[in-house]
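Quick notes on the structure that follows.
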Amino acid sequence: MQAGGPSLLTLMLALLSVHLAGMGAFLTVPVLAPAIAAETGLPASLAGFHTALAYAGTLVSAPLTGPLVRRHGGVRVLQCGLLVVGCGIALATIGQPWALALSAFVAGMGHGPITPGSSHLIAARTPPRRRALVFSLKQAGVPAGAMMVAAVAPAAAAIGGWRAGVLTIATAAFLVAACLQPLRAGLDSGRDRGAGAGGLGALAREASGSVWMLRRDAALRHLTLMSCGFGVAQFCFLTFFVVFQVATLGTPLAEAGLRLALAQAAGVVGRIAWALLADRHGARPVLLACGLLAAMAGLVLAASGPGWPVLPVVLAGIVMGATAVGWNGVMLAEAARIAPPGQVGAATAALSFAFGVTMLVAPPAFTGLVALTGGYSAGFLLCVVATLGGAFAIATSPRR
């Protein structure tokens, strides 16, 4: 553990805010998709392509996090990332198809360094016996951010139109970036101004070296495969749960958004509860349980249709929130545990790169299944298959 700088609690709260604001990159447009579709005439189910384009943006920036953090410091990288996220989100207000696509890609580029950059900052300051809890508390900003977007964006849209909802979330990213500045002196003091000095070529070579860690390290590779499988369920659920309720169940947009917010609240609680269990019993059984429970909830959503009572859908959403959204902190703590010394950021960036490649395919596949079948059941079954595959990957991972 490193000494000096802000306390672990202060750092954790700051990184929680970063993740909270960063989630706007992925969810602002999907949550507001019905309102945007009503004005533009675009199908709301195209929200899946927004998620894919956002992850295409992360593929550009995430592998560069390691050398950029060493050169500029983790806090500065997070600040720049949030500024790009905010600008990307704001581009959506133009309302044209090209602007919505560019908005997703730019916001995704801003989000790429957030997870590996925050893991770099907190890993060296975390007691090993509390690693899963600390990482999960940090990552609780993801469901909390999704909950904020799901609740605030539709509410702002109801007052000032969908553009007001977009700008509200973009403003949050700008404010959090500014609030990080007082932490920079204590956290970025050890940066190496010569790192990455060879230009873009040197950055690219170092970034590719991070990605090749997946080939060399079997345990990290299995953890990555699990993350990709669980991520399919996580982001397809987050992207389509609101649109599914509006289009299939006839739920009003504001009510559907609040149900997603409730699921995200379960994600916050789940991340903390899973972390406490993982610190006591290990990551493997906890992650396996998350996968199996998420698959069961996915089956309920796949079976849901017009005329279904509200309670099963809400409960399935809560279980999906607690599991398909609640596993990330335990996974990141496990990645930090098995990463080579001093390479937590690089290992997390490599995992994030593979995760991003998966997200290029999964949400558009969900959209394609909706277009092909005329409903959302096949898409939720895709989530079930993916989570079961992820559970198999972690169950067969080599022990270390």
Side-chain angles (χ1 to χ4, degrees), residues 23-24 26-40 42-51 143 145-158 162 165 169 232-268 270 294-326 362-384 387:
M23 278 306 291
F26 298 105
L27 290 183
T28 305
V29 170
V31 164
L32 295 172
I36 296 173
E39 177 182 316
T40 64
L42 295 170
S45 62
L46 288 178
F49 287 101
H50 176 278
T51 302
M147 183 169 60
M148 179 196 75
V149 174
V152 172
W162 66 266
I169 305 303
V232 171
Q234 178 180 6
F235 275 91
C236 286
F237 170 71
L238 294 176
T239 300
F240 291 100
F241 188 52
V242 170
V243 178
F244 155 71
Q245 293 177 83
V246 173
T248 302
L249 307 180
T251 308
L253 175 59
E255 182 180 343
L258 288 175
R259 291 181 188 176
L260 177 60
L262 184 62
Q264 295 295 350
V268 174
M296 293 171 60
L299 285 173
V300 174
L301 293 177
S304 302
W308 264 57
V310 170
L311 186 59
V313 176
V314 173
L315 289 178
I318 289 173
V319 174
M320 286 291 277
T323 56
V325 181
F366 195 116
T367 296
L369 289 170
V370 172
L372 184 65
T373 64
Y376 289 78
S377 295
F380 285 120
L381 288 176
L382 171 67
C383 297
V384 172
T387 51

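Heavy atoms only: backbone and side chains are in, while hydrogens, waters and symmetry mates are out.
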Worksheet item: Is there side-chain contact between V31 and V243, with at least one heavy-atom pair below 4.5 Å?
Response: no
Item to complete: Tell me, please, which residues at least two apart from A378 pass side-chain contact (heavy atoms from CB on, under 4.5 Å).
Response: L369, T373
Worksheet item: Okay, side chain of T387, backbone of V384: is any donor-acceptor separation there less than 3.5 Å?
Response: yes
Practice prompt. Kindly state each residue pair satisfying salt bridge (charged side-chain N to carboxylate O under 4.0 Å, His left out) with at least one member in residues 306-317, sequence neighbours excluded.
Written response: none
Worksheet item: Who passes side chain to side chain donor-acceptor pair (under 3.5 Å) against Q264, sequence neighbours left out?
Response: none
Practice prompt. Hey, could you give me the OG1/CG distance between T28 and L32, rounded to the nearest 0.5 Å?
Written response: 7.0 Å
Item to complete: Could you name each residue pair satisfying salt bridge (charged side-chain N to carboxylate O under 4.0 Å, His left out) that touches residues 239-250, not counting sequence neighbours?
Response: none
Worksheet item: Any side-chain heavy-atom pair from T248 and S304 closer than 4.5 angstrom?
Response: no
Discussion item. Minimum heavy-atom separation for A256 and V246, please, with both atom names.
Written reply: CB-CG2, 4.1 Å
Item to complete: Taking side-chain contact (heavy atoms from CB on, under 4.5 Å) as the test, write out the residues that go with T40, two or more places apart.
Response: I36, L42
Item to complete: Test V300 against W308 for side chain to side chain contact (heavy atoms under 4.5 Å, CB included), laying out the working first.
Response: CA-CA 11 Å; V300 174; W308 264 57; 4.3 Å; yes
Discussion item. Which label fits F366 and F380: parallel for a plane angle under 30°, tilted from 30 to 60°, or perpendicular past 60°?
Written reply: perpendicular
Worksheet entry | Heavy-atom side-chain contact between M148 and I169 under 4.5 Å | yes
Item to complete: Answer yes or no: is there a side-chain heavy-atom contact under 4.5 Å between T367 and F240?
Response: yes
Worksheet item: Which is it for F26 and L238 under the side chain to side chain contact (heavy atoms under 4.5 Å, CB included) test, yes or no, and what are the steps along the way?
Response: CA-CA 9 Å; F26 298 105; L238 294 176; over 6 Å; no
Worksheet entry | Inter- and intrachain pairs under salt bridge (charged side-chain N to carboxylate O under 4.0 Å, His left out), touching residues 248-263, at least two apart | E255-R259
Fill in: Step-by-step side chain to side chain contact (heavy atoms under 4.5 Å, CB included) determination, M320 to V325
CA-CA 7 Å; M320 286 291 277; V325 181; 6.0 Å; no
Practice prompt. Using the test ring pair (Phe, Tyr, Trp, His ring centres under 6.0 Å), find all partners of F237 that sit at least two apart in sequence or belong to another chain.
Written response: F241
Worksheet item: Between A150 and A261, which heavy-atom pair has the shortest distance, and what is it?
Response: CB-N, 4.0 Å
Worksheet item: Can Q245 and L253 be said to form a side chain to side chain contact (heavy atoms under 4.5 Å, CB included), step by step?
Response: CA-CA 8 Å; Q245 293 177 83; L253 175 59; over 6 Å; no
Item to complete: Taking all heavy atoms of A324 and all of A233, pick out the closest pair and write down the distance.
Response: CB-CB, 4.2 Å
Worksheet item: Excluding sequence neighbours, so at least two apart, what forms side-chain contact (heavy atoms from CB on, under 4.5 Å) with V232?
Response: C236, T358, M359, A362, L382, A386
Worksheet entry | Interatomic distance, Q234 atom CD to T323 atom OG1 [nearest 0.5 angstrom] | 10.0 Å
Discussion item. Could you report the tightest heavy-atom contact between G24 and V149, atom names first, then the distance?
Written reply: CA-CG2, 4.0 Å
Practice prompt. Not counting sequence neighbours, which residues clear side-chain contact (heavy atoms from CB on, under 4.5 Å) with T239? List them please.
Written response: P30, A47, T51
